[in-house]
Protein chains: 2
Amino acid sequence: MRMTAPQAARAAPAPRRGTGRADNRLPQVLDAAARLFRERGYAVTSMRDIGAAAGMLAGSLYYHFASKDDLLVAVYAEGVRRIGAAVEAALAASVDPWDRLERACAAHLTALLDDSDYGQVVIRVRPDDAPDAAARLIALRDGYERLFARALDDLPLRHRGDRRALRLLLLGALNWSQTWYRPGRDSPAALARQFVRLLRSTAPPAA
Amino acid sequence: MRMTAPQAARAAPAPRRGTGRADNRLPQVLDAAARLFRERGYAVTSMRDIGAAAGMLAGSLYYHFASKDDLLVAVYAEGVRRIGAAVEAALAASVDPWDRLERACAAHLTALLDDSDYGQVVIRVRPDDAPDAAARLIALRDGYERLFARALDDLPLRHRGDRRALRLLLLGALNWSQTWYRPGRDSPAALARQFVRLLRSTAPPAA
DNA sequence: TTATATACCTAACAATCGTTTGGTAGATGC
DNA sequence: GCATCTACCAAACGATTGTTAGGTATATAA
């Protein structure tokens, strides 16, 4: 029976008696899963691949997670958390609406393209790659997108409906960048600046 | 030996002696594969799924295609062909640069969202879902993107580099729309109009 | 020292995967 | 009518999949 096993990376470790062995390789498991899910995708990455990359056997992963889907959800949640934290910091760094938007886009792109595997998994793995976990993945993503939407709140726009269209346009372009982005050619900050400049003239002239 | 089998849907049927049985279900195979690849993705769709949907057994698919990858390439190529034809027709329907762009976007979106399964496969399936076929898929997609780039050729833009950024911005937003689009709420034409309007003011005022 | 919880390993399970082999009904060419 | 080619079916192949059962070394709590 494994009813007493943790089955997930919980925030509160619960009242534990013995701390067990000194080596808990849960972090390595998450890192390995994030890297492989990002590189190859969810479906073609096997539990044996993840185990090997983390230095353990496939079966041992089930001490930490009840299923492959649950492991994906854990990686995905960490990815959303990191992107959200980066964008939140960017939003707090300025008061000018267009400047805030550009900073938010740059933070989003950096988390998506350069930072870590976790952020890339959020874009790479589609919810219906894991049907049983799809609802949880969508909820996580929606939570973040509500945060990103705040980056558009204060923009002075001309037409009704522009805000929603602008959000869909920008977020789509940013997320799709994972398809064509190659490090070295463009920087996330430069791309964000170009994208926002193309849209900035939507607002009435500042002067 | 199967050396004489067709192994693909060729344009020229070659000098055939006997036409075999009256029922050639290759079209049904392609339709079924396109539908399943779009609905579930490439990796999780099995040859048995495709065979069942086309009314035959999994092994029989190998009369038409040498591998699952080859079947994907055939579906993908048909998808690219359809999107390309739609955009090409849109480009020929107008001479005003911004109007041409809006029509091209509407055609791209329609092919991607409403028309058929084939077009959606091109966006849904990522080349590295099938590593051995990735090069062929990328070549097909690049061919189309060169066509789409023609929709931006005549736009009067302010800054150097705007054309590339505009292409990446627009194409990304259009392709990502598959993630959030729900039929009924927006129409492809309406979305294209909103997206292009947000960018149109990039150009100097026409008057 | 004994008991217990942790964090694994070993070995297997049934199911499913893409693919292959060999056979065959039916239409056509001669 | 005979041979040939087409477009399948039937049945299996070995490999791989996610997952589980049972055992074990280590560290802490008492």
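As the structure is a prediction and not an experimental result, all values here were calculated from the model.
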* To do: Quick one: which residue pairs count as a ring pair (Phe, Tyr, Trp, His ring centres under 6.0 Å) with a foot in residues 68-95 of chain B, not counting sequence neighbours?
  => none
* Backbone of A:Leu155 reached by a side-chain donor or acceptor of A:Arg163 within 3.5 Å -> yes
* Can you run down the salt bridge (charged side-chain N to carboxylate O under 4.0 Å, His left out) pairs that involve residues 51-69 of chain A, sequence neighbours left out, and say none if there aren't any? => none
* Could I get the full list of side-chain contact (heavy atoms from CB on, under 4.5 Å) partners for B:Ala43, not counting sequence neighbours? => A:Ala43, A:Val44
* Asked: Between A:Asp132 (CG) and D:dG18 (P), how many Å, whole number?
  -> 14 Å
* **Protein-nucleotide distance (A:Leu61, atom CG; C:dC8, atom P), rounded to Å** => 10 Å
* Tell me: OH of A:Tyr62 to P of D:dG18, nearest whole Å? -> 7 Å
* **A:Arg48 vs D:dT16: side-chain N/O to OP1/OP2 distance below 4.0 Å** => no
Please report, to 0.1 Å, the donor-acceptor pairs under 3.5 Å made by any side chain of residues 84-91 of chain A, with sequence neighbours excluded.
none

* Do any of residues 33-46 of chain B sit with a heavy atom less than 4.0 Å from DNA chain D, and if so which? -> none
* Is the shortest side-chain N/O distance from A:Ser60 to OP1 or OP2 of C:dC9 below 4.0 Å? -> yes
* When the distance from CG of B:Asp49 to C1' of C:dT16 is rounded to whole Å, what number comes out? -> 10 Å
* Asked: Is B:Asn24 near enough to D:dC8 that one of its side-chain N or O atoms lies under 4.0 angstrom from OP1 or OP2?
  -> yes
* All salt bridge (Lys or Arg N to Asp or Glu O under 4.0 Å) counterparts of A:Asp99, not counting sequence neighbours -> A:Arg103
* For C:dA7, does OP1 or OP2 lie under 4.0 Å from any side-chain N or O of A:Tyr63? -> yes
* Asked: Rounded to whole angstrom units, what separation is found between the CG atom of A:Asp69 and the P atom of D:dT17?
  -> 16 Å
* Asked: What's the CD1-C1' distance between A:Ile50 and D:dT17, to the nearest Å?
  -> 12 Å
* Structure fact -> Residue pairs passing the ring pair (Phe, Tyr, Trp, His ring centres under 6.0 Å) test with at least one member in residues 99-126 of chain B, sequence neighbours excluded, are B:His108-B:Tyr144, B:His108-B:Phe148
* Asked: C:dT20 P sits how many Å from B:Lys68 NZ, rounded?
  -> 15 Å
* Backbone of A:Ala139 reached by a side-chain donor or acceptor of A:Asp142 within 3.5 Å -> no
* Among residues two or more places apart or on two chains, list those pairs meeting salt bridge (charged side-chain N to carboxylate O under 4.0 Å, His left out) that have a residue in residues 177-196 of chain A. => A:Asp186-B:Arg164
* In whole angstrom, give the distance that lies between atom CE of A:Met47 and atom P of D:dT16. => 18 Å
* Considering just the side-chain nitrogens and oxygens of B:His64, establish if one lies under 4.0 Å of OP1 or OP2 belonging to D:dT6. => no
* Mind running a 4.0 Å heavy-atom check of residues 52-59 of chain A against DNA chain C and sending the residues that fall below it, in number order? => A:Gly55, A:Met56, A:Leu57
